[in-house]
Each structure stands twice: as structure tokens, then as C-alpha cells.
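Notes to accompany the following structure.
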Amino acid sequence: MIVRSAEFEISAVRPQQWPDDGLPEFAFLGRSNVGKSTLLNRLLNRKALARVSAQPGKTRQINFFRINDAFRFVDLPGYGYAAVSKRERELFAKMIDRYLLERKPLVRILQLVDIRHLPSKDDVAIHAGLLELDVPVTVVATKLDKVGKSQIPKQVRDIRDALQTRVEIYPISAEKRLGLDELWTLLESDLERAQSGGTDV
């Protein structure tokens with residue numbers, strides 16, 4: 001994928017603020033500090049389009065990024081950060097649920113987990129909920145550069161077993177740009193299907 005243009009569009013807290021032109025969207029979600037912003041920046045070849053914060057849980061809205069005037073990346077608030085109040089976590093959950101349930105242009109959900117660790121209870125519960133939606137789900141196992149090559153197959157198996165899933169798991173290192181081409185191939189395939197069948201997928 002040649003990224004000719006990538007721009008931050010809007011931070012939204014209500015559906016009325018969501019862009020309404022029907023461009024295909026890819027939603028990214030995961031625990032706070034799983035490397036979501038870094039992955040978005042590397043996929044788009046931008047240094048700081050998505051803000052990488054030293055303070056986990058910083059994303060408090062749904063952030064929309066417009067790519068090539070043809071599709072969007074959607075950065076959903078991180079979950080599972082203990083320093084965020086219970087009320088805030090509940091508000092984030094409602095915001096995320098509403099987007100995932102109601103957003104017609106959504107063509108794929110990418111759930112990020114850390115390849116070094118077993119998925120958390122939140123990861124497992126959210127993954128089970130995502131599988132109930134009528135939208136393809138992919139698991140992205142981040143921080144691939146932090147584990148040895150020989151460990152990768154076992155870590156991927158352990159993640160699959162913990163999530164009890166059959167969906168594809170993509171090991172990725174945003175820092176080292178490992179696995180990004182394979183992920184782009186998947187997204188490009190989704191875009192071809194969305195564009196051939198209309199944007200309302």
C-alpha cells in the first residue's frame with residue numbers, strides 16, 4: 001500500500017460526530033500500552049500522526065484518520081488501564097460498543113495483544129464479544145522484536161488457546177517494521193472487496 005495522504009480527521013465521543021461519507025473503516029483496539037499508536041504510525045509511515053503517550057489510557061475518544069481519501073483507520077480507546085476511574089472505563093466501553101455495533105462502514109476489527117504475555121481477562125472477554133459481531137476480526141500480536149524467533153510459534157499458540165479463537169494472528173513489530181507488509185496485504189484485500197461491493201459493507 002502506498003500511503004499518499006494520511007490525516008487526523010476528528011476525535012468523536014458521540015455517533016453524531018462520526019464521519020458520514022461511508023468510506024471503509026478499520027478499527028484498532030487493545031489494552032492500553034499495547035503499542036496501538038506506534039503501529040498506526042508505522043503502517044502510515046508517519047512519525048506522530050497517532051499520538052504515542054508515556055501515559056497509558058490517554059486515548060479518551062474515538063479518533064478517525066483519513067487515508068488516501070479512500071478509507072479510514074479508527075483508533076478506539078484502550079481498555080484495562082487501572083488508573084482510569086471505573087466510571088470512565090464504563091463510558092469508554094459504551095462508546096466502543098456503540099461504534100462496533102452501529103458502524104456500517106466498518107470492514108475489519110484489529111484487536112492488539114502483546115505477544116510476550118498471555119491475553120488478559122479483558123482481552124479474552126472482548127475477543128469473545130467481537131466474534132459475535134458480523135465483522136471480520138484479526139488479532140495482531142505486537143512487540144514481536146521483544147521475543148526470540150524460536151519462541152514465536154509457541155507464543156502465537158498460547159494466545160490462540162487463551163482466546164479460544166480460530167481467527168488469523170499476525171505477529172508484528174512496529175518498531176522493527178516486521179509483519180507490516182503481511183498486514184497491509186490483508187487490509188488491501190478488504191478494501192478491494194469493499195470497493196467492488198460498495199462502501200456499505
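Position 1 is the first residue of the sequence, and the numbers go up from there. Predicted model only: the values in this text are computed from it and were never measured.
Shown here is D69, whose CG atom has more than 12 heavy atoms of other residues, nucleotides or ligands within 6.0 Å.
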request  = Tell me, with the steps shown, if K104 and D20 meet salt bridge (charged side-chain N to carboxylate O under 4.0 Å, His left out).
outcome  = CA-CA 10 Å; K104 289 184 178 180; D20 61 0; over 6 Å; no
task = Please lay out, stage by stage, how E132 and L101 fare under the test side chain to side chain contact (heavy atoms under 4.5 Å, CB included).
result = CA-CA 10 Å; E132 297 294 321; L101 288 167; over 6 Å; no
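Atoms CG and OG1, from L180 and T185 in turn, are 11.0 Å apart once rounded to the nearest 0.5 Å. Note: E188 CD to F71 CZ = 8.0 Å, rounded to the nearest 0.5 Å. To the nearest 0.5 Å, the span separating CD on Q111 from OG1 on T138 amounts to 10.5 Å. In this structure, NE2 on H127 lies 3.0 Å from OG1 on T165, to the nearest 0.5 angstrom. If you take CD1 on I126 and CD1 on I109, they are separated by 11.0 Å, rounding to the nearest 0.5 Å. Note that CD of Q17 is 5.5 Å distant from CD1 of I10, once rounded to the nearest 0.5 Å.
The heavy-atom pair separating A194 from V107 by the smallest distance is CB-CG1, 4.1 Å. Between P119 and D123, the shortest heavy-atom distance links the atoms CA-OD2, 3.5 Å. For the residue pair I115 and K143, the shortest heavy atom distance occurs at CG2-O, 3.5 Å. Pairing each heavy atom of A6 with each of R46, the nearest pair is N-NH2, 3.5 Å. Taking each heavy atom of W18 and F64 in turn, the nearest pair found is CD1-CZ, 3.6 Å. Between M95 and V13 the shortest heavy-atom distance is CG-O, 4.1 Å.
Pairs of residues two or more places apart, or lying in two chains, that qualify as ring-ring contact (aromatic ring centres under 6.0 Å, His included) and include a residue from residues 167-192 are F73-W184. Among residues at least two apart or in separate chains, salt bridge (Lys or Arg N to Asp or Glu O under 4.0 Å) pairs with a member in residues 155-176 are R42-E175, K154-D158.
Residues meeting the side chain to side chain donor-acceptor pair (under 3.5 Å) test with R98, sequence neighbours left out: E102. Partners of Y99 according to the side chain to side chain donor-acceptor pair (under 3.5 Å) rule, which considers only residues two or more places apart in sequence or in another chain, are E25. Residues that satisfy the side chain to side chain donor-acceptor pair (under 3.5 Å) test with R116, not counting sequence neighbours, are D114. Listed by chain and residue number, S173 satisfy the side chain to side chain donor-acceptor pair (under 3.5 Å) test with D145 (two or more places apart in sequence, or in another chain).
With contacts defined as side-chain heavy-atom distances shorter than 4.5 Å, the pair F28/L43 qualifies. Using a 4.5 Å heavy-atom threshold, the side chains of L100 and V135 count as separate. Using a 4.5 Å heavy-atom cutoff, the side chains of P77 and I96 are in contact. L39 is listed as a side-chain neighbour of L112, based on a closest heavy-atom distance under 4.5 Å. In this structure, M1 and N68 have side chains that are in contact, with non-hydrogen atoms separated by less than 4.5 Å. Here the side chains of E9 and P19 are in contact, with some heavy-atom distance below 4.5 Å. E7 has its side chain out of reach of L44: every pair of non-hydrogen atoms, C-beta onward, lies at least 4.5 Å apart. Side-chain contact between S120 and R31: present, with at least one pair of heavy atoms (C-beta onward) separated by less than 4.5 Å.
Side-chain polar atoms of R177 and N45 form a donor-acceptor pair below 3.5 angstrom. No side-chain donor from either of T38 and N41 sits under 3.5 Å from a side-chain acceptor of the other.
Under a hydrophobic clustering in which Ile, Leu, Val, Met, Phe, Trp and Tyr are joined whenever their side-chain heavy atoms come within less than 4.5 Å, directly or via other members, V167 and L118 fall into different clusters. When the side chains of ILVMFWY residues are joined at heavy-atom separations under 4.5 Å, either directly or via intervening members, I152 and V139 end up in a single hydrophobic cluster.
Using a 4.0 Å cut-off between charged nitrogen and carboxylate oxygen, D190 and R193 count as a salt-bridge pair. Using a 4.0 Å cut-off between a side-chain N of Lys or Arg and a carboxylate O of Asp or Glu, K36 and D75 qualify as a salt bridge.
Tested against L110 for a side chain to side chain contact (heavy atoms under 4.5 Å, CB included), the candidates I172, V74, L187 yield a single pass: L187.
Using modelled atom types, one side-chain atom of Q151 and one backbone atom of G148 make a donor-acceptor pair closer than 3.5 Å.
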